[in-house]
Amino acid sequence: MRDDDTGRRVGRIVEVEAYIGADDRASHARFGRTARTAPMFGPPGHAYVYLVYGMYDCLNIVTEPDGRPAAILVRAVEPLEGVETMRAARAALHAARRRARPASANGTRIAPRPLPDHRLASGPGLVAAAFGIDTGWTGTDLCRPGSPLRLEAAPPGESAPDVRSTPRIGIAYAGSPWTERPWRLVIAGHRSASGPATLR
DNA sequence: AGTTGGATGGTCT
DNA sequence: GACCATCCAACTG
């Protein structure tokens with residue numbers, strides 16, 4: 001959840017990916033400890049946020065003890081509270097993208113279908129956009145009570161979700177066996193998971 | 001419903 | 001100078 005004067009935003013993490021160790025050829029840590037990846041080397045429970053494709057920020061949770069590079073990429077979140085704040089935060093991104101692309105050849109533009117609440121944060125770049133997270137959040141303690149950005153336990157009594165594992169997304173460059181490692185974890189069939197409906 | 005190409009800038013060789 | 005832990009509009013069928 002994000003809990004500060006920008007508006008309280010709460011969501012349930014429904015999809016993550018694990019990047020573990022310097023030998024993981026899909027991990028940023030494959031280059032060793034650099035200025036960018038230093039946060040991955042610990043301490044655990046803190047945020048590692050990076051910019052990808054020049055436009056999208058991605059939120060990671062550092063996992064292993066100090067000195068060992070590992071993190072969990074938060075790929076999708078089910079919005080629970082602060083939906084309007086998330087929508088507004090995403091609007092800025094939308095506007096920027098629309099500016100970047102010229103109108104179609106005949107000049108018409110089809111109005112995009114309104115985005116349903118459950119799809120507001122269904123992708124790693126969208127999670128960061130909806131929660132207003134950028135690289136400046138790197139190092140934030142996500143486990144400290146009262147932190148403006150933090151993890152909370154699931155509500156007590158909530159039944160354990162049906163979690164499925166698949167290969168990780170967008171890492172073809174890593175090669176075998178890293179491309180096949182089943183280190184993407186999703187709540188089975190969840191409508192807020194990333195990707196087209198047919199792949200959820 | 002599935003595919004394609006472009007935006008965009010930090011990071012690493 | 002090449003690549004990229006992405007996303008969406010605009011295509012095709």
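To find a chain, count down the sequence lines: A is the first, B the second, and so on, and within it residues start at 1. Nothing here was measured: the structure is a model prediction, and the numbers come from that model.
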Asks: From C:dA5, C:dC7, C:dT6, pick the nucleotide closest to the side chain of A:Ile169?
Replies: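 Nearest to the side chain of A:Ile169 among the choices is C:dT6.
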
Asks: Under a 3.5 Å cut-off for both contacts, is B:dT8 paired Watson-Crick or G-U wobble with anything, and if yes, with which nucleotide?
Replies: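 Answer to the pairing question: none, since B:dT8 forms no Watson-Crick or G-U pair.
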
Asks: Choosing from C:dC7, B:dA7, C:dA5, which nucleotide comes nearest the side chain of A:Tyr19?
Replies: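 When the side chain of A:Tyr19 is considered, C:dA5 is the closest of C:dC7, B:dA7, C:dA5.
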
Asks: Looking at the rings of A:Tyr50 and A:His28, which for Trp means the six-membered one, are their centres under 6.0 Å apart?
Replies: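 Yes, ring centres under 6.0 Å apart.
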
Asks: Tell me: CD1 of A:Ile133 to P of C:dT6, nearest whole Å?
Replies: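 The distance from CD1 of A:Ile133 to P of C:dT6 comes to 16 Å, rounded to the nearest Å.
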
Asks: Given atom CZ of A:Arg119 and atom P of C:dC7, what is their separation to the nearest angstrom?
Replies: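 Distance check: A:Arg119 CZ to C:dC7 P gives 10 Å.
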
Asks: Closest to the A:Phe31 side chain: B:dC12, C:dT6, B:dA7?
Replies: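 Nearest listed nucleotide: B:dC12.
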
Asks: Atom CE of A:Met40 to atom P of C:dA5: distance rounded to whole Å?
Replies: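 One finds 11 Å between P of C:dA5 and CE of A:Met40, rounded.
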
Asks: Just call it for A:Arg36: base, sugar-phosphate, or nothing, with non-hydrogen atoms closer than 4.0 Å on any strand.
Replies: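 Counting heavy atoms under 4.0 Å across all strands, the contact made by A:Arg36 is with sugar-phosphate only.
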
Asks: With a 3.5 Å limit on both atom pairs, tell me what C:dT12 is paired to, counting Watson-Crick and G-U wobble, or say none.
Replies: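 Pair assignment: C:dT12 / B:dA1.
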
Asks: To the nearest Å, how far apart are A:Asp134 CG and B:dG9 P?
Replies: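 Going from CG in A:Asp134 over to P in B:dG9 covers 15 Å.
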
Asks: Let me know the distance between OH of A:Tyr56 and P of B:dA7, rounded to the nearest Å.
Replies: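 After rounding, the gap between these two atoms is 12 Å.
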
Asks: Which part of the nucleic acid, if any, lies within reach of A:Ile171 when heavy atoms closer than 4.0 Å are counted: base, sugar-phosphate only, or nothing?
Replies: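 The residue A:Ile171 makes sugar-phosphate contact but no base contact.
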
Asks: Has the side chain of A:Arg150 got a donor or acceptor atom that lies under 3.5 Å from a matching backbone atom of A:Thr140?
Replies: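 Looks like no, no N/O pair under 3.5 Å.
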
Asks: Checking the side chain of A:Ser147 only, and the main-chain atoms of A:Leu149 only, is there a donor and an acceptor separated by less than 3.5 Å?
Replies: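 Pair found, side chain donor or acceptor close to backbone of A:Leu149.
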
Asks: Using atom types as modelled and distance alone, determine if a side-chain donor or acceptor of A:Ser165 lies under 3.5 Å from a backbone N or O of A:Trp183.
Replies: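 Such a contact is absent between A:Ser165 side chain and A:Trp183 backbone.
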
Asks: Using whole Å, what does the distance between atom C1' of nucleotide C:dA5 and atom CZ of A:Arg184 come to?
Replies: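 Going from A:Arg184 (CZ) to C:dA5 (C1'), I get 12 Å.
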
Asks: What's the spacing between A:Leu126 CG and A:Arg119 CZ if we round to 0.5 Å?
Replies: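 Answer rounded to 0.5 Å: 9.0 Å.
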
Asks: A:Met55 has a side chain; which of B:dA7, C:dA5, B:dC12 sits nearest to it?
Replies: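 The closest nucleotide is B:dA7.
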
Asks: Does C:dT6 have A:Tyr53 stacked on its base, where the ring centres are within less than 5.5 Å and the planes differ by under 30°?
Replies: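 Per 5.5 Å and 30° rule: yes, stacked.
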
Asks: Give one of base, sugar-phosphate or nothing for A:Thr34, where a contact means two heavy atoms less than 4.0 Å apart.
Replies: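 Since only primed, P, OP1 and OP2 atoms lie under 4.0 Å of A:Thr34, the category is sugar-phosphate.
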
Asks: Take atom OH of A:Tyr50 and atom P of B:dT8, then tell me their distance rounded to the nearest Å.
Replies: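 So the two atoms are 20 Å apart, to the nearest Å.
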
Asks: Rounding to a whole Å, what distance do you find between A:Asp24:CG and C:dA5:C1'?
Replies: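 These atoms are roughly 10 Å apart.
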
Asks: Is there a side-chain contact between A:Tyr173 and the phosphate of C:dA5, meaning an N or O under 4.0 Å from OP1 or OP2?
Replies: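 Checking A:Tyr173 against C:dA5: at least one side-chain N or O falls below 4.0 Å of OP1 or OP2.
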
Asks: Do the side-chain N or O atoms of A:Arg90 get closer than 4.0 angstrom to the phosphate oxygens (OP1, OP2) of C:dC8?
Replies: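 The answer is yes; a side-chain N or O of A:Arg90 sits under 4.0 Å from OP1 or OP2.
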
